[in-house]
Peer 1: 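Supplied in structure tokens, the structure appears directly below.
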Amino acid sequence: MKRRYEWFIFAVILSLVYFLWGMNSNNYQYLMYRRSTRLLAMWFVSLLTTTATTYFQVTTNNRILTPSLLGFERMYILVQTVIVFLLGIFMKPSLNFLVSVFVMVGIGTLFYGIILKKMQRDLFVLLLVGTVLGTLFSSISATMQMMMDPNEFSMIQSQSFASFNAVDTNVLFIGMGLSLIGWLLVYRIHYQIDVVALGNDHATNLGIHIPQFQIYSLAIVALFTAISTALVGPIGFLGLIGTNVAREFLQKHTTRSIITQGVFFSTSLLLASQLLFERLLNLNTSVSVFINLLGGVYFIYLMLRERFK
């Protein structure tokens, strides 16, 4: 069996186990509706995070960076904090999702577009500003949360961890519709990304306009990261794990194969985590806690390996 099919088969098996676990003639209608929504959300989020991370790593020419460095996850927490602080309650799920996505994409496009233009397309300055802005967003959120009553604060805390247990079906389909904009951009530059992965100098010599590619790529990263974060919450390390594990298993590192295998592995990881905590251990722990713990350890491993390579 070719290696590229292994994670696909594993993801399908885990999907069937998760979908059919405990289902009988008395509860199948209820469980089919809830679990089909969660399964679709897991596959969709895995696709968005893996694609965003792959394009971000190719653009920055660094395989250990993630889009979370641009501060979108902390911006999401700030948006939720401002909504609760001003209104005292959350808006309707679909409206809250649209507001979160458009604010994150709008602010990201404004700030990072200006930075790229003023700093002669210097991506390292962009990453530095993104890290600083992320710290600023966290400080503002923490200050506002200190002035909230405990009930409002608990509402914000529930949004601070990624969860697939309460995904709204309407919001999921709205996110899929918005992602079509990103897929149009992907189609626009998909034939260029493998050339850019060779390095900016080689890509320029082969006729690729690097500044234009960076703008398109960062727009894809911003939109996909905003949609996935607004849909289920912050889960930044998922894409890092998926893309880098895919590279370990693949002999030919084409972008298409990395994204495909990364999606299969990310989905398998989400399903395995959900089955472990929800079905076997009967715990209410958020999957994101385990993903971030695993991702943090893997991130340190990648840094040490690059350091001593």
Side-chain angles (χ1 to χ4, degrees), residues 1-19 21 35 38-58 62-68 73 162-164 167 179 182-183 186 190 193-194 197 220-221 224-225 227-229 231-280 285-303 305-306:
M1 182 186 299
K2 294 184 178 181
R3 179 171 289 184
R4 65 175 180 267
Y5 295 120
E6 292 176 357
W7 286 115
F8 169 72
I9 295 174
F10 191 51
V12 171
I13 292 174
L14 285 176
S15 298
L16 291 175
V17 172
Y18 179 80
F19 187 74
W21 187 295
R35 291 180 181 177
R38 293 180 188 177
L39 270 177
L40 186 59
M42 290 181 192
W43 281 92
F44 181 57
V45 169
S46 296
L47 177 61
L48 293 186
T49 55
T50 303
T51 304
T53 303
T54 302
Y55 272 76
F56 188 69
Q57 290 178 350
V58 170
N62 193 316
R63 62 175 291 184
I64 65 173
L65 295 181
T66 68
S68 60
E73 295 180 354
S163 175
F164 293 88
V167 176
S179 70
W183 294 120
V186 169
H190 76 281
I193 189 167
D194 285 323
I220 293 168
V221 171
F224 284 176
T225 304
I227 292 174
S228 61
T229 303
L231 182 64
V232 299
I235 192 167
F237 278 118
L238 181 65
L240 175 72
I241 298 173
T243 54
N244 283 283
V245 170
R247 286 190 176 96
E248 299 292 340
F249 278 84
L250 291 171
Q251 296 178 349
K252 296 181 180 179
H253 292 176
T254 62
T255 303
R256 181 178 178 180
S257 61
I258 290 173
I259 293 176
T260 302
Q261 295 301 313
V263 170
F264 296 152
F265 180 81
S266 298
T267 305
S268 300
L269 181 60
L270 287 175
L271 288 167
S273 303
Q274 196 82 8
L275 285 169
L276 176 64
F277 288 105
E278 183 180 319
R279 302 283 187 264
L280 299 179
T285 304
S286 174
V287 172
S288 66
V289 175
F290 174 73
I291 298 294
N292 289 332
L293 174 63
L294 182 63
V297 174
Y298 189 56
F299 179 73
I300 294 173
Y301 162 74
L302 289 174
M303 288 195 300
R305 191 177 67 173
E306 291 294 323

Peer 1: Measure across Val221 and Pro67 and return the closest heavy-atom pair with its distance rounded to 0.1 Å.
Peer 2: CG1-CB, 3.6 Å
Peer 1: Show which side-chain atoms of residues 296-303 pair as donor or acceptor with protein atoms under 3.5 Å away, not counting sequence neighbours.
Peer 2:
from	atom 1	to	atom 2	distance (Å)
Tyr301	OH	Arg305	NH1	3.4

Peer 1: Backbone N or O of Ile235 within a donor-acceptor pair of the Asn292 side chain at under 3.5 Å?
Peer 2: no
Peer 1: Test of understanding: with salt bridge (Lys or Arg N to Asp or Glu O under 4.0 Å), list the residues that count as partners of Arg38, not counting sequence neighbours.
Peer 2: Glu278
Peer 1: Distance check, rounded to the nearest 0.5 Å: Leu270 atom CG versus Tyr18 atom OH?
Peer 2: 10.5 Å
Peer 1: Tell me if a side-chain donor or acceptor on Thr51 pairs with a main-chain N or O of Leu48 at a distance below 3.5 Å.
Peer 2: no
Peer 1: Keeping Asp194 on the side-chain end and Thr255 on the backbone end, is there a donor-acceptor pair under 3.5 Å?
Peer 2: yes
Peer 1: If you measure from CG on Leu231 to CZ on Phe44, what distance do you get to the nearest 0.5 Å?
Peer 2: 7.0 Å
Peer 1: Any side-chain heavy-atom pair from Thr66 and Phe56 closer than 4.5 angstrom?
Peer 2: no
Peer 1: Please round to the nearest 0.5 Å and tell me the distance separating atom CD1 of Ile291 and atom CG of Leu240.
Peer 2: 11.5 Å
Peer 1: About how many Å separate CD1 of Ile13 and CZ of Phe8, when rounded to the nearest 0.5 Å?
Peer 2: 10.5 Å
Peer 1: Taking the side chain as every heavy atom from C-beta outward, state whether Ser46 and Phe265 have any pair of such atoms under 4.5 Å apart.
Peer 2: no
Peer 1: Does a side-chain heavy-atom distance below 4.5 Å link Thr267 with Trp7?
Peer 2: no
Peer 1: Are the side chains of Phe224 and Val186 in contact, using a 4.5 Å heavy-atom criterion?
Peer 2: yes
Peer 1: Could you grab the distance from atom CG of Leu47 to atom OG of Ser179, nearest 0.5 Å is fine?
Peer 2: 8.0 Å
Peer 1: If I take atom OG1 from residue Thr243 and atom CD from residue Gln57, how far apart are they, to the nearest 0.5 angstrom?
Peer 2: 4.0 Å
Peer 1: Would a 4.5 Å heavy-atom cut-off, applied to side chains only, mark His190 and Arg256 as touching?
Peer 2: no
Peer 1: For the side chain of Ser266 and the backbone of Val263, is there at least one donor-acceptor N/O pair under 3.5 Å apart?
Peer 2: no
